[in-house]
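Have a look at the structure below before the remarks.
Given the structure is predicted, the values throughout are model-derived calculations rather than measurements.
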Amino acid sequence: PHVLHDLADAGITDAQIRFVCATGCHGALNRLDFVKKLGENVLERFPVYNHNPFSNCIPVGKTKTFGTEVLVNEEVMKCDLKIAIGGVVPHGMSGFGGGGKIILPGVASFETTKHNHHIVQRELPPGTVGMGIFDDNPVRMDIEEAATLAGLDFIINALYNKWGETAQVFAGALKLAYAA
């Protein structure tokens, strides 16, 4: 509701807003899932989509880090302003979830995700990939580069405590907010 309020204050109308659930290559959400995640009011006011990694993804470039060809959800790419809302949790490859993962794998094609996930099978320096490893993590860097290619404008990431409660919220440009 806070983001929607700020967008309205900036003159952005409901007709200009849409939600795309960044499911990556995982299963689609149903209506009840959307209600739990977004609330009934959002479903009544805005179009809400599931991402499909197998179709409707368009090329936005190739990462320099690992040459990942980045294909992103076409509906997302139609947006003039891309705001990502997610959470930071430990992750086995990229160190932590959140940040650019909302784009890759969140709304990227299956092929893009597969290429990125196979980075860990390359010969990488020990200690550069894994849960909690942030600095110089090549998987994370490839993901951030993909998010930049997709034009991600702003992220809002919640950091959770061990009870799943929001402990802190970080917002702003991708790299600075995510690093914080």
Side-chain angles (χ1 to χ4, degrees), residues 3 19-29 37 50-54 57-77 79 81-180:
V3 174
F19 288 81
V20 179
C21 188
T23 55
C25 294
H26 299 282
L29 301 185
K37 186 172 279 296
N50 275 301
H51 167 63
N52 180 353
F54 301 104
C57 294
I58 60 173
V60 299
K62 194 177 238 186
T63 67
K64 293 176 185 168
T65 309
F66 285 102
T68 303
E69 187 173 344
V70 182
L71 287 87
V72 175
N73 183 291
E74 186 173 14
E75 190 66 34
V76 170
M77 293 311 298
C79 298
L81 177 64
K82 297 172 191 74
I83 301 171
I85 303 173
V88 177
V89 294
H91 188 271
M93 292 186 329
S94 62
F96 295 93
K101 282 181 60 59
I102 200 93
I103 298 293
L104 172 59
V107 292
S109 72
F110 175 80
E111 293 82 10
T112 299
T113 301
K114 181 178 170 185
H115 188 273
N116 172 265
H117 282 38
H118 284 123
I119 290 171
V120 297
Q121 294 176 350
R122 299 175 188 221
E123 291 186 26
L124 299 171
T128 59
V129 174
M131 194 166 304
I133 298 173
F134 185 84
D135 296 328
D136 301 319
N137 182 317
V139 175
R140 179 191 59 79
M141 290 187 284
D142 197 60
I143 288 168
E144 283 184 1
E145 193 174 347
T148 300
L149 288 168
L152 181 59
D153 294 295
F154 195 84
I155 66 168
I156 303 166
N157 278 171
L159 182 63
Y160 307 107
N161 64 22
K162 67 181 181 180
W163 298 283
E165 301 164 331
T166 301
Q168 199 160 359
V169 176
F170 300 90
L174 170 63
K175 290 183 181 181
L176 293 175
Y178 189 51

Looking only at heavy atoms, the pair that brings G99 and L174 closest together is C-CD1, 3.7 Å
Any sub-3.5 Å donor-acceptor pair from E145's side-chain atoms to T65's backbone N or O?
yes
Quick one: pull up CG in N137 and CG in D142 and give me the separation to the nearest 0.5 Å.
10.0 Å
Say you draw a straight line from NE2 of H51 to OG of S109; how long is it, rounded to the nearest 0.5 Å?
7.5 Å
When you measure from the side chain of S94 to the backbone N and O of F96, does any donor-acceptor pair fall under 3.5 Å?
yes
Residues pairing under salt bridge (charged side-chain N to carboxylate O under 4.0 Å, His left out) where one sits in residues 57-72, two or more places apart or in two chains, turn out to be none
Return the OG1 to CD1 distance between T148 and I143, rounded to the nearest 0.5 Å.
12.0 Å
What is the minimum heavy-atom distance between I103 and A146, and which atoms define it?
CG2-O, 4.2 Å
Are any non-hydrogen side-chain atoms of T166 and Y160 less than 4.5 angstrom apart?
yes
Are L104 and T113 side-chain neighbours, meaning at least one heavy-atom pair lies under 4.5 Å?
yes
Gap between atom CE of M141 and atom CG of D135 - 0.5 Å precision:
9.5 Å
Is there a donor-acceptor contact under 3.5 Å from the side chain of D153 to the main chain of K82?
yes
How close do A84 and L152 get, heavy atom to heavy atom, and via which atoms?
CB-CD1, 3.7 Å
Closest heavy-atom contact between M93 and V139?
O-CB, 4.0 Å
M77 and C57: CA distance, side-chain angles, deciding distance, side chain to side chain contact (heavy atoms under 4.5 Å, CB included) verdict:
CA-CA 9 Å; M77 293 311 298; C57 294; over 6 Å; no
Looking only at heavy atoms, which two atoms of G24 and P53 are closest? And how far apart?
O-CG, 3.5 Å
So do H117 and P105 actually touch side chain to side chain, heavy atoms under 4.5 Å?
yes
Using a 3.5 Å distance criterion without hydrogens, assess whether the side chain of T63 forms a donor-acceptor pair with backbone atoms of T68.
yes
N157 side, atom CG; F170 side, atom CZ - distance, nearest 0.5 Å
9.0 Å
Does some side-chain heavy atom of V72 sit less than 4.5 Å from a side-chain heavy atom of T112?
no
Within the 4.5 Å heavy-atom criterion, are K101 and R140 side-chain neighbours or not?
no
Is any side-chain heavy atom of E111 less than 4.5 Å from a side-chain heavy atom of L71?
no
Could you tell me the separation between the CZ atom of F110 and the NE2 atom of H115, rounded to the nearest 0.5 Å?
13.0 Å
Closest contact, heavy atoms only, I102 versus A22
O-CB, 3.5 Å
According to ring-ring contact (aromatic ring centres under 6.0 Å, His included), who are the partners of F134, at least two apart in sequence or on a separate chain?
Y178
